[in-house]
Amino acid sequence: MNTPIKTRFAPSPTGYLHIGGARTALFNWLFARRHGGIFLLRIEDTDQIRSTEESTQAILDAMTWLGLTWDEGPFFQAERVGIHRQMVEKLVDEGKAYWCTCTQDELEAKRKTALAEGRKPKYDGTCRERHLSPTPGAVVRFRCPDGGTTRMQDLIKGNILFQNEELDDLIIQRADGYPTYNFAVVIDDAQMGITHVIRGDDHVNNTPRQILLYEALGFPVPFFAHVPMILGSDKARLSKRHGATSVMAYRDMGYLPEALVNYLVRLGWSHGDQEIFTGDELTSLFDLDAVGKSPAVFNPEKLLWLNQHYIRSYPADRLMEALQPLWPAASEPSQEALVRGVARDLQSRSRTLLELIDGAAFYFADEVAYDPKAAEKFLTQVSAVLLEAVLEGLPHLMDYSKEGIEAFLRALAESRQAKLKDIAQPLRVALTGKTVSPGIDEVMVTLGRERTLDRISRALSFLRSTSSA
RNA sequence: GGUCCCAUCGUCUAGUGGUUAGGACGCUGGCCUCUCACGCCGGAAGCCGGGGUUCAACUCCCCGUGGGACUACCA
């Protein structure tokens, strides 16, 4: 029996969950789901200065919003320093690590001269054979092999070979007694039974040191899979200056989690020509062998397209739920019927929830604000006749529904030797103030007969007041 | 500078020695139509360059070039 697969997402709580981290988490989550494994969450908070609880909460919230539920954790790395220190001690006892009292200033100076002389800026091994005892302010370094090679088997990039002489004696425990990333990550991943380490390829160069650490500690080395970076439009690593990078910012801008997940998964992974995936499809189709090796540029336009797609696909109740946090009117019980109608009208023509909300303003206006150009073109003497006819006929319409209204308008137009559009556009301006809106029959249904009539008579008086001037 | 990674339309990608190089976003012509959106039909747009290997290279190898990452007592 094979041991079950276990993956993890291990963010550091020094900010919000960003797009790149979300994709890494998503790949880990999908890989675990796909293979019936376990997905674990670990917060890497050993940087006591930069880590905050707010960040931890923000990351948890974002993952929950995306639906990336974890099976174990969250574990907090800082709570495990006792274990980390034991391991440090063990390595020191075994002669695989040593105390070092070189100061940061000395190191910096040596780095500079080495660079200036064209040498590698690696640690020169000053304390390597001094067999120092623990002293306050001292750090512990791992004794790297002087020669040989370390092979990394990467599930995405293939085999990568590193010369050990390129690696230097990295610090595994800081002066403050906390472990450094490369050390803590190895111990935690090993002890938590992580079988597949899926992470950004900015970690590729860390991996050989980590493998050496696994071996020194006597732990089995896991599989690695390094996912290419997400870049901005200028092909530099995606950052704030490329626009929003926070997952939660996308929620606040009216994006749906399904859209973001679908977009992110296709950034680097593919399944033939398929673009749209349900959650079930993803968890049954996703695998590492279909993840590409090259970095991908984040394309907001395509995300928008997907978001539109998912907005259209939402059932009414789900749409209302998604709308509520962004739209006060959606939480107002007295408005519910109207809001539902509005959402239904706008659902198929909004790329984001915010677009939908913006487009909804005219439904709620006490007095429709006419776009000057629209009014000039459509609120004319000619159309006044048609609008008056609607005003007269509408109260007697038996079937006040989308179908009934359309039939009514068509018949009315025909009786006047006019086209439907001759009446639809003036009506649209009268009811919405604009030349672009949902179908005029839909608008009339949602507005209700009363409001519709009011707006028509108001448009008529507006029309008379301007044309008589 | 050193180490490592990467390279198909503007962008995301399919492609695994023989294809008219396919799809999607965006752009664009048209149809549908009460406007918009959707949908449908069509178009422009790509294998970074040079050497090999081979009967045959987008595909395999090498060298360039370009881009990216790492090079911390951050993760």
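In what follows, chains carry the letters A, B, and so on, assigned in the order in which the sequence lines appear, proteins first and then strands, with residues in each chain numbered from 1.
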Examine [X] together with [Y] and report whether their ring centres are nearer than 6.0 Å.
X: A:Y181; Y: A:H203; result: yes
X: A:F298; Y: A:Y263; result: yes
X: A:F27; Y: A:F286; result: yes

Give a yes/no answer on whether the side chain of [X] brings an N or O atom under 4.0 Å of OP1 or OP2 in [N].
X: A:K235; N: B:rU11; result: yes
X: A:R237; N: B:rG67; result: no
X: A:K293; N: B:rC6; result: yes
X: A:R312; N: B:rA37; result: no
X: A:S270; N: B:rA14; result: yes
X: A:R199; N: B:rA69; result: no
X: A:T46; N: B:rA75; result: yes

Could you please name the option among [options] that lies closest to any side-chain atom of [X]?
X: A:V204; options: B:rC4, B:rA7, B:rU13; result: B:rC4
X: A:N205; options: B:rG2, B:rU3, B:rC34; result: B:rU3
X: A:R266; options: B:rC38, B:rU13, B:rU35; result: B:rU13
X: A:Q104; options: B:rC73, B:rA75, B:rU71; result: B:rC73

With hydrogens left out and only the distance checked, is there a donor-acceptor pair under 3.5 Å joining [X]'s side chain and the base of [N]?
X: A:Q274; N: B:rG23; result: no
X: A:D201; N: B:rC6; result: no
X: A:R428; N: B:rC34; result: yes

> With no hydrogens and no angle check, do the side chains of A:T24 and A:R199 hold a donor and an acceptor under 3.5 Å apart?
Replying inline: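 On atom types as modelled, these side chains do not qualify, holding no pair under 3.5 Å.
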
> Is the closest basic N to carboxylate O distance between A:E376 and A:K373 below 4.0 Å?
Replying inline: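 No salt bridge links A:E376 with A:K373.
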
> Once you round it to whole Å, what is the distance between C1' of B:rA14 and CG of A:D289?
Replying inline: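 Taking atom C1' of B:rA14 as the reference, CG of A:D289 is at 14 Å.
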
>> Students often get this wrong, so: under 4.0 angstrom with heavy atoms, is A:C102 touching a base, only sugar-phosphate, or nothing?
In response: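 Counting heavy atoms under 4.0 Å across all strands, the contact made by A:C102 includes a base.
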
